[in-house]
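Quick caveat, the model's predicted, so the values are computed rather than measured. Side-chain atoms are counted along with the backbone in the values below, which use heavy atoms only and exclude waters and symmetry mates.
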Amino acid sequence: QELLDVRHSVMLLGPAGCAKTTIWKTLQGAHNLDKPKPTCVAETVNPKAVTGDELYGYMTLAKDWKDGVLSIIMRGMSKNFADQGFHDYQTYKWVV
């Protein structure tokens, strides 16, 4: 918990099959244990499924900014957009 309190991000690294997914899902479950509403939510992104522009966003030829997947998720989490499933009672919001 101390690591999560002082860092903006944490990475789980390891070879395939070493339980990285199990670790973060278990930690998420522990945060939500005995809570009436989930205080920890995770949004899973597969960066290999989209292009770099779709992931991060890009500038159009008309100089307009188009948000990418990460931009949309991060804005929704920071502004507690209920239509994206984010609320102010959720104290831990993770992009995985």
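- Remark: side-chain polar atoms of N32 are not paired, donor with acceptor, to backbone N or O of P38 under 3.5 angstrom.
- To the nearest 0.5 Å, atom OG1 of residue T60 and atom CG of residue D53 are 11.0 Å apart.
- Distance alone, capped at 3.5 Å, places no donor-acceptor pair between the K79 side chain and the M74 backbone.
- By the ring pair (Phe, Tyr, Trp, His ring centres under 6.0 Å) test, Y89 is found to be paired with H87, residues two or more places apart in sequence or in another chain being considered.
- The shortest distance between side-chain heavy atoms of V96 and E43 does not fall below 4.5 Å.
- Residues L70 and I72 fall into different hydrophobic clusters, defined by Ile, Leu, Val, Met, Phe, Trp and Tyr side chains chained together at heavy-atom separations under 4.5 Å.
- A single hydrophobic cluster is seen to contain both V10 and W24, as judged by linkage of ILVMFWY side chains at heavy-atom distances under 4.5 Å, directly or through other members.
- G14 approaches K20 most closely through the heavy-atom pair O-NZ, 3.0 Å.
- Residue Y58 places its OH atom among 12 or fewer non-hydrogen atoms of other residues, nucleotides or ligands, all under 6.0 Å distant.
- The side-chain heavy atoms of T44 and V95, taken from C-beta on, include no pair separated by under 4.5 Å.
- F86 and W94 are members of different hydrophobic clusters when ILVMFWY side chains are connected at heavy-atom separations under 4.5 Å.
- At least one side-chain heavy atom of I73 sits under 4.5 Å from a side-chain heavy atom of V69.
- Counting heavy atoms of neighbouring residues, nucleotides and ligands inside a 6.0 Å radius, atom CG of D34 does not exceed 12 of them.
- Not a single donor-acceptor pair under 3.5 Å links the side chain of Q90 to the backbone N or O of V41.
- Counting only distance, with no hydrogens or angles, the side chain of E54 and the backbone of T51 share a donor-acceptor pair below 3.5 Å.
- Heavy atoms of other residues, nucleotides or ligands lying less than 6.0 angstrom from NZ of K37 number 12 at most.
- Under a 3.5 Å cut-off, the side chain of K63 and the backbone N or O of M59 do not form any donor-acceptor pair.
- For the atom pair SG (C18) and CG (L13), the distance works out to 9.0 Å, reported to the nearest 0.5 Å.
- Remark: side-chain polar atoms of K93 are paired, donor with acceptor, to backbone N or O of M77 under 3.5 angstrom.
- Of the possible polar contacts, none joining the S71 side chain to the G57 backbone as a donor-acceptor pair under 3.5 Å is found.
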